[in-house]
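Only heavy atoms go into these numbers, but all of them, side chains included; no hydrogens, no water, no symmetry mates.
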Amino acid sequence: MSRPRRDPDLVRAYVRTGGRSRPTRTLDLVSLVVAVADPAPGASPDARRILALARRGVLTLAEVAAYLDLPPSVVKILVADLLDSGHLAIPTPAQELPGTALLEEVLHGLRALSA
């Protein structure tokens with residue numbers, strides 16, 4: 001009687017994420033990331049590989065997963081960790097930046113509070 005074989009990728013994913021199955025934040029496969037800091041001295045090999053890729057320019061999570069040949073679910077968890085630690089950032093599209101009028105209104109409000 002033969003035992004069913006276990007999928008080695010399932011074990012590897014579990015180990016790579018420290019046993020976690022969900023990222024700390026909501027990320028899509030089209031979420032963009034860019035490196036803003038070098039890896040910490042004790043960073044995992046996966047974190048170092050992700051940061052090396054993200055130093056080249058802005059990438060989607062799908063691209064990171066494809067370049068590193070990792071399951072997207074694992075990449076989401078690893079990228080969320082790097083975002084939480086400040087090593088990666090999500091660039092803000094220009095159309096989502098606040099307008100000058102809103103910034104001036106906030107400035108006036110802050111000045112009114114300090115008076």
For residues 103-115, which residue pairs pass the salt bridge (Lys or Arg N to Asp or Glu O under 4.0 Å) check, not counting sequence neighbours?
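Output for this query is empty, none listed.
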Distance in Å, Leu83 CG paired with Leu78 CG, rounded so as to fall on 0.5 Å steps:
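Leu83 atom CG to Leu78 atom CG measures 11.0 Å (nearest 0.5 Å).
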Separation between CG of Leu82 and CD1 of Ile77, rounded to the nearest 0.5 Å
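With rounding to 0.5 Å, CG (Leu82) is 12.5 Å from CD1 (Ile77).
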Any pair with a residue in residues 59-70 that passes side chain to side chain donor-acceptor pair (under 3.5 Å), sequence neighbours left out, goes on the list, sorted by first then second residue, please.
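Only Thr60-Glu63 qualify under side chain to side chain donor-acceptor pair (under 3.5 Å).
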Closest approach of Pro39 and Arg48, non-hydrogen atoms and distance?
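Nearest heavy atoms, Pro39 then Arg48: CG-NH1, 3.6 Å.
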By side chain to side chain contact (heavy atoms under 4.5 Å, CB included), which residues pair with Ala80, not counting sequence neighbours?
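With neighbours one apart ignored, the set is Pro23, Thr24, Arg25, Leu27.
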List for me each residue that meets side chain to side chain contact (heavy atoms under 4.5 Å, CB included) alongside Leu68, sequence neighbours excluded, and say none if there are none.
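Leu68 satisfies side chain to side chain contact (heavy atoms under 4.5 Å, CB included) with Arg49, Ile50, Leu53, Val64, Leu70 once adjacent residues are dropped.
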Take atom CZ of Arg22 as the centre, draw a 6.0 Å sphere, and report whether it contains more than 12 heavy atoms from other residues, nucleotides or ligands.
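Atom CZ in Arg22 is not packed in, count stays at 12 or less.
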Using the rule that Ile, Leu, Val, Met, Phe, Trp and Tyr join whenever any side-chain heavy atoms are under 4.5 Å apart, tell me whether Leu61 and Ile90 fall into a single cluster.
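Yes; tracing contacts between hydrophobic side chains, which count when under 4.5 Å, links both residues.
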Pick one: which of Val36, Val34, Leu59, Leu51 meets side-chain contact (heavy atoms from CB on, under 4.5 Å) with Leu88?
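Considering Val36, Val34, Leu59, Leu51, a side-chain contact (heavy atoms from CB on, under 4.5 Å) with Leu88 is found only for Leu51.
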With sequence neighbours excluded, tell me which residues meet salt bridge (Lys or Arg N to Asp or Glu O under 4.0 Å) with Arg20.
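For Arg20 the salt bridge (Lys or Arg N to Asp or Glu O under 4.0 Å) partners, ignoring immediate neighbours, are Asp81.
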Only counting residues at least two apart or in another chain, list the ones meeting salt bridge (Lys or Arg N to Asp or Glu O under 4.0 Å) with Arg55.
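By the salt bridge (Lys or Arg N to Asp or Glu O under 4.0 Å) rule, Arg55 matches Asp38.
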With sequence neighbours excluded, residues passing side chain to side chain donor-acceptor pair (under 3.5 Å) with Asp28
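Once residues adjacent in sequence are excluded, Asp28 has no partner under the side chain to side chain donor-acceptor pair (under 3.5 Å) criterion.
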With Ser73 via side chain to side chain donor-acceptor pair (under 3.5 Å) - residues at least two apart:
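So Ser73 forms no side chain to side chain donor-acceptor pair (under 3.5 Å) with any residue.
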Report the C-alpha separation of Val33 and Val58 in whole Å, then their side-chain angles, then the decisive distance to 0.1 Å, and conclude whether the side chain to side chain contact (heavy atoms under 4.5 Å, CB included) test is met.
CA-CA 6 Å; Val33 293; Val58 179; over 6 Å; no
